[in-house]
Trainee: 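Before I ask anything, here is the structure I am working with.
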Amino acid sequence: MPELPEVECIVRDLNKYLKGKKITGVFFIFYQMLQGVSPEVFGREIRGEVIQEIKRRGKYILFFLSNDKILEVHLRMTGRLYYYSNSVAPEKYTGAVFYLDGGDELHYQDIRKFGTFRLHVKQDLSQLKPYLLGLDPLEDNFTLNSFLEILKRNPGRKIKPFLLDQKNIAGMGNIYTDETLFRAGIHPQRKVNSLTLQEIKKLFESLLSTLKEGIECRGTSVSDYRDIRGQEGEFQKRLKVYRREGAYCLRCGSTIQRKLLAGRGTYFCPSCQPLSCNKRRWEQ
DNA sequence: CTCCGTGCCTGTGAGC
DNA sequence: TGCTCACAGGCACGGA
């Protein structure tokens, strides 16, 4: 499941291989990701345009094309982008093929077909979905102070659903949220307004360092994730709690637990991440 | 306000 | 062996 670090790696690689290339044709094999837009219309808008730059916001990938067109791609659960320097036959789950000048190809694959493509023409960037989300942790405006501000706006929420909500912070998914909370020593069910200033500082640092470590490891390939050349990441080897139910905590030796929270499997160490907190509240 | 379930999909793996 | 079913979890949406 691509989260911020995986999407960041994909976007860096896309820029390396696709910048300046012209899209000479598009072949759509399944259409769910087009969300009702006909493949003919979609293809007509994209064909002939040059890929000027690829950016990321949260988990969204944005292809900035010539003529002020923007192709927005969200990989959701199992979406993948594969780059080939030559012509390759579509596979079982290939939903779209972008043909590029020079014979390069970009294939979109998606087993579960949850991914979405959206096309924007001459749009005010700030009105686009990816820019209506919360702070992106890799952008300059994500600071301890701005983090404190959004926490203050959500005093009653549990910290895990808070971190997963893209309107607060853009890019956190289930894996990096559980790993961040473990590294910060915070129970996923702790209420935002129960956190001490010290804990918030720890959380802020853990969030950034976990995401950055994820990027350095080129992502987490626990099941589906591959980079645009089909390579696995390495961060799965550094997971401390995610999918480690029943195993020993690498820090204290207690047993890692799993609970359903916010509708997702949630992994934590009950000893390193205690639920009870009798420290002074940060907001007072 | 916050949380929870459902739908969108299909592969994997546990248990019978 | 082969079947069923929970699970995987990003996001939108409706309801408690």
Side-chain angles (χ1 to χ4, degrees), chain A residues 1-8 10 28-37 56-62 72-81 91-96 108-118 128-134 136-137 150-181 187-195 211 214 219-226 232-233 235-236 239 241-247 256-268 275 283:
Chain A
M1 317 109 234
E3 303 180 27
L4 187 149
E6 289 75 28
V7 180
E8 178 67 20
I10 289 168
F28 291 111
I29 297 154
F30 52 73
Y31 310 145
Q32 283 100 324
M33 66 280 193
L34 304 180
Q35 302 170 99
V37 178
R56 176 192 64 74
R57 187 129 213 302
K59 300 172 199 167
Y60 286 86
I61 300 168
L62 296 160
E72 172 203 302
V73 176
H74 196 304
L75 301 172
R76 299 288 184 107
M77 310 288 300
T78 53
R80 289 177 181 173
L81 288 170
E91 291 172 27
K92 189 176 176 189
Y93 300 109
T94 306
Y108 168 72
Q109 291 193 0
D110 197 344
I111 291 174
R112 295 177 68 179
K113 302 187 172 94
F114 286 173
T116 56
F117 285 24
R118 224 172 270 141
L128 261 49
K129 184 68 204 295
Y131 290 93
L132 294 169
L133 304 174
D136 187 294
I150 49 172
L151 284 162
K152 273 181 197 164
R153 276 190 258 130
N154 295 267
R157 294 199 79 176
K158 291 171 187 164
I159 191 64
K160 173 155 177 173
F162 168 85
L163 292 172
L164 283 173
D165 189 337
Q166 305 296 301
K167 290 192 288 296
N168 297 326
I169 297 167
M172 298 294 284
N174 205 37
I175 298 173
Y176 290 93
T177 300
D178 281 3
E179 291 299 313
T180 292
L181 288 170
H187 192 287
Q189 288 181 295
R190 287 278 301 282
K191 287 270 185 73
V192 164
N193 63 7
S194 80
L195 300 173
L211 293 176
T220 308
S221 293
V222 79
S223 57
D224 296 290
Y225 174 69
R226 300 290 184 278
E232 292 190 2
F235 195 67
Q236 65 276 13
L239 296 175
V241 287
Y242 183 76
R243 292 217 191 168
R244 292 194 69 246
E245 184 186 17
I256 301 298
Q257 285 187 9
R258 177 186 181 274
K259 263 189 185 178
L260 208 58
L261 179 60
R264 293 98 191 266
T266 298
Y267 302 86
F268 62 98
L275 184 53
E283 59 178 359

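Chain letters run A, B, ... following the sequence lines, proteins first, then strands; residues in each count from 1. Predicted model, so just to flag it, every value in this text is computed and none were measured.
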Trainee: Side chain of A:K92 only, heavy atoms from C-beta on: which candidate in C:dA8, B:dG11, C:dG10 is closest?
Mentor: B:dG11
Trainee: Taking atom P in both B:dC4 and C:dA8, compute the distance separating them and give it to the nearest angstrom.
Mentor: 16 Å
Trainee: Does the ring of A:F114 lie flat against the base of C:dC11, closer than 5.5 Å centre to centre with planes under 30°?
Mentor: no
Trainee: Counting only side-chain nitrogens and oxygens, does A:K191 get under 4.0 Å of the OP1 or OP2 atom of B:dT2?
Mentor: no
Trainee: Looking at the side chain of A:K129, which of C:dA12, C:dC11, B:dT10 is the nearest nucleotide?
Mentor: C:dA12
Trainee: In sequence, state the C-alpha distance, the side-chain angles, and the governing distance for A:D165 and A:R157, and then conclude on side-chain contact (heavy atoms from CB on, under 4.5 Å).
Mentor: CA-CA 11 Å; A:D165 189 337; A:R157 294 199 79 176; 2.8 Å; yes
Trainee: From CE of A:M1 over to P of C:dC7, roughly how many Å is that when rounded to an integer?
Mentor: 15 Å
Trainee: Determine whether any donor atom in the side chain of A:R264 lies under 3.5 Å from an acceptor atom in the base of C:dA8, or the reverse, and answer yes or no.
Mentor: no
Trainee: Between B:dC4, C:dA8, B:dG11, which nucleotide gets closest to the side-chain atoms of A:K158?
Mentor: B:dC4
Trainee: So does A:H74 get a side-chain nitrogen or oxygen closer than 4.0 Å to the phosphate oxygens (OP1/OP2) of C:dG10?
Mentor: no
Trainee: Given A:K160, which of A:T180, A:T177, A:D178 fulfils the side chain to side chain donor-acceptor pair (under 3.5 Å) condition?
Mentor: A:D178
Trainee: Considering the options A:Y108, A:Y60, A:F30, which one meets the ring-ring contact (aromatic ring centres under 6.0 Å, His included) requirement together with A:F117?
Mentor: A:Y108
Trainee: Atom CG of A:L163 and atom P of C:dG9: how far apart are they, to the nearest Å?
Mentor: 16 Å
Trainee: Specify the separation, in whole Å, of atom CG of A:N168 and atom P of C:dC11.
Mentor: 13 Å
Trainee: Rounded to the nearest 0.5 Å, how far does CD of A:Q189 lie from OG of A:S194?
Mentor: 11.5 Å
Trainee: Any side-chain N or O of A:R76 under 4.0 Å from OP1/OP2 of B:dG7?
Mentor: no
Trainee: Would you kindly say whether A:D224 and A:T78 are connected by a side-chain donor-acceptor distance under 3.5 Å?
Mentor: no
Trainee: Please tell me if A:Y267 has a side-chain N or O lying less than 4.0 Å from either OP1 or OP2 of C:dA8.
Mentor: yes
Trainee: Closest approach to the side chain of A:R243, judged atom by atom: which nucleotide of C:dA8, C:dG10, B:dG11 is it?
Mentor: C:dA8
Trainee: For the P atoms, the ones on B:dG13 and on C:dG9, what distance do you get once it is rounded to whole angstrom?
Mentor: 15 Å
Trainee: Under 4.0 Å between any heavy atoms, over every strand shown, what does A:G263 touch: base, sugar-phosphate, or nothing? Just pick one.
Mentor: nothing
Trainee: B:dT10, OP1 or OP2 - any side-chain N/O from A:K113 closer than 4.0 Å?
Mentor: yes
Trainee: Counting only side-chain N and O atoms of A:Q32, is one of them less than 4.0 Å from OP1 or OP2 of B:dC9?
Mentor: yes
Trainee: Please classify the nucleic acid contact of A:R153 as base, sugar-phosphate, or nothing, using heavy-atom distances under 4.0 Å.
Mentor: nothing
Trainee: Please determine, for the side chain of A:M77, which listed nucleotide (B:dC3, C:dG10, C:dC7) has the closest atom?
Mentor: C:dG10
